[in-house]
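Atoms considered below: every heavy atom in the structure, side chains included; atoms not considered: hydrogens, waters and symmetry mates.
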Amino acid sequence: GAVVSQHPSRVICKSGTSVKIECRSLDFQATTMFWYRQFPKQSLMLMATSNEGSKATYEQGVEKDKFLINHASLTLSTLTVTSAHPEDSSFYICSARGEGVGSRYGYTFGSGTRLTVV
Amino acid sequence: AQTVTQSQPEMSVQEAETVTLSCTYDTSESDYYLFWYKQPPSRQMILVIRQEAYKQQNATENRFSVNFQKAAKSFSLKISDSQLGDAAMYFCAYRSFGATNKLIFGTGTLLAVQP
């Protein structure tokens, strides 16, 4: 089945530094990638949608300059949290849609990244 | 804009019993998809079941089945013969019919399974 590998699973960084999260589709071409943020015991909130080779579309209220998304290839998308602050601490999850794989109707999710900014 | 509502923040079921999780949604579209996702403590999102709105027949996947009422905009999940491994957060989700449209999630229901 379709697999999305997300790394790192956990990261602790100092306030003011940047953190990059990677999502790779292992056995399919991810034409679209969705990035979510999830606070404890809450639902997934969509941050942005990216299509391979295009600029990401951000949801209202999401800072484009803080959350940089790159989707330069069909197998890799990255989310960079720039100048991270404690309020950016959260669980980040990617979700990919691809062609020709069982995720035709549903999307395949990465395993998530727990970001802690100290 | 579409919305998804899950009115049960928490549910509990005895092992081997049946439980039903509720979900309602609001949309003006006629074609769309509905999903139930499971998020266990590992936080990995797992697709449980999906339903195409144009299909009248309720989807079934082993012990999981849905009651899809299009007119009422209701999409409940029934888990039969509950197992300890079913304990998780369950999210109902909506997606418009377009190929790359985003998933809209409900607030989730935390299901506990009692031995």
Self-check item: Proximity breakdown for A:L46 and chain B, heavy-atom pairs closer than 4.5 Å
Solution: side chain
Quiz item: When heavy-atom pairs shorter than 4.5 Å are enumerated against chain B, which of A:R114, A:K41, A:Q38 gives the highest number?
Solution: A:Q38
Exercise. To the nearest 0.5 angstrom, please state how far the CG atom of B:N101 sits from the CZ atom of A:R97.
Key: 10.0 Å
Self-check item: Rounded distance (nearest 0.5 Å) linking atom CD1 of B:I46 with atom OG1 of A:T108
Solution: 12.0 Å
Practice problem: Treat each ILVMFWY residue as a node, draw an edge where side-chain heavy atoms are under 4.5 Å apart, and state whether B:I104 and B:F35 are in one component. | Solution: no
Self-check item: Interatomic distance, A:S95 atom OG to B:M45 atom CE [nearest 0.5 angstrom]
Solution: 8.0 Å
Quiz item: Going hydrophobic residue to hydrophobic residue with side-chain gaps under 4.5 angstrom, can you get from A:V81 over to A:V11?
Solution: yes
Exercise. Provide the closest heavy-atom pair for B:G106 versus A:S43 in the form atom of the first, atom of the second, distance.
Key: O-OG, 2.6 Å
Quiz item: Pick from B:M89, B:Q39, B:Q44: which one has the most heavy-atom pairs with chain A under 4.5 Å?
Solution: B:Q44
Quiz prompt | Over all atoms of both residues, closest heavy-atom pair of B:Y37 and A:Y107 | solution = OH-N, 3.3 Å
Quiz item: Hey, is CE on A:M45 packed in by over 12 heavy atoms from elsewhere, all under 6.0 Å?
Solution: no
Practice problem: Measure the NZ-CZ distance between B:K102 and A:F34 for me, rounded to the nearest 0.5 Å. | Solution: 9.5 Å
Quiz item: So, do B:F105 and A:Y36 have ring centers that fall under 6.0 Å from each other?
Solution: yes
Practice problem: Please check if atom NZ in A:K20 has more than 12 non-hydrogen atoms from other residues, nucleotides or ligands closer than 6.0 Å. | Solution: no
Quiz item: Do other residues, nucleotides or ligands put more than 12 heavy atoms under 6.0 Å from the NZ atom of B:K73?
Solution: yes
Self-check item: Heavy-atom neighbours of A:E87 CD exceed 12 at 6.0 Å
Solution: yes
Practice problem: Run the numbers on A:L44 and B:F91 for side chain to side chain contact (heavy atoms under 4.5 Å, CB included), then give the verdict. | Solution: CA-CA 9 Å; A:L44 281 71; B:F91 293 100; 4.2 Å; yes
Practice problem: Would you indicate whether A:R10, at its atom CZ, is surrounded by more than 12 heavy atoms from other residues, nucleotides or ligands within a distance under 6.0 Å? | Solution: no
Quiz item: For A:K66, does the NZ atom sit with more than 12 other heavy atoms under 6.0 Å from it, leaving out its own atoms?
Solution: yes
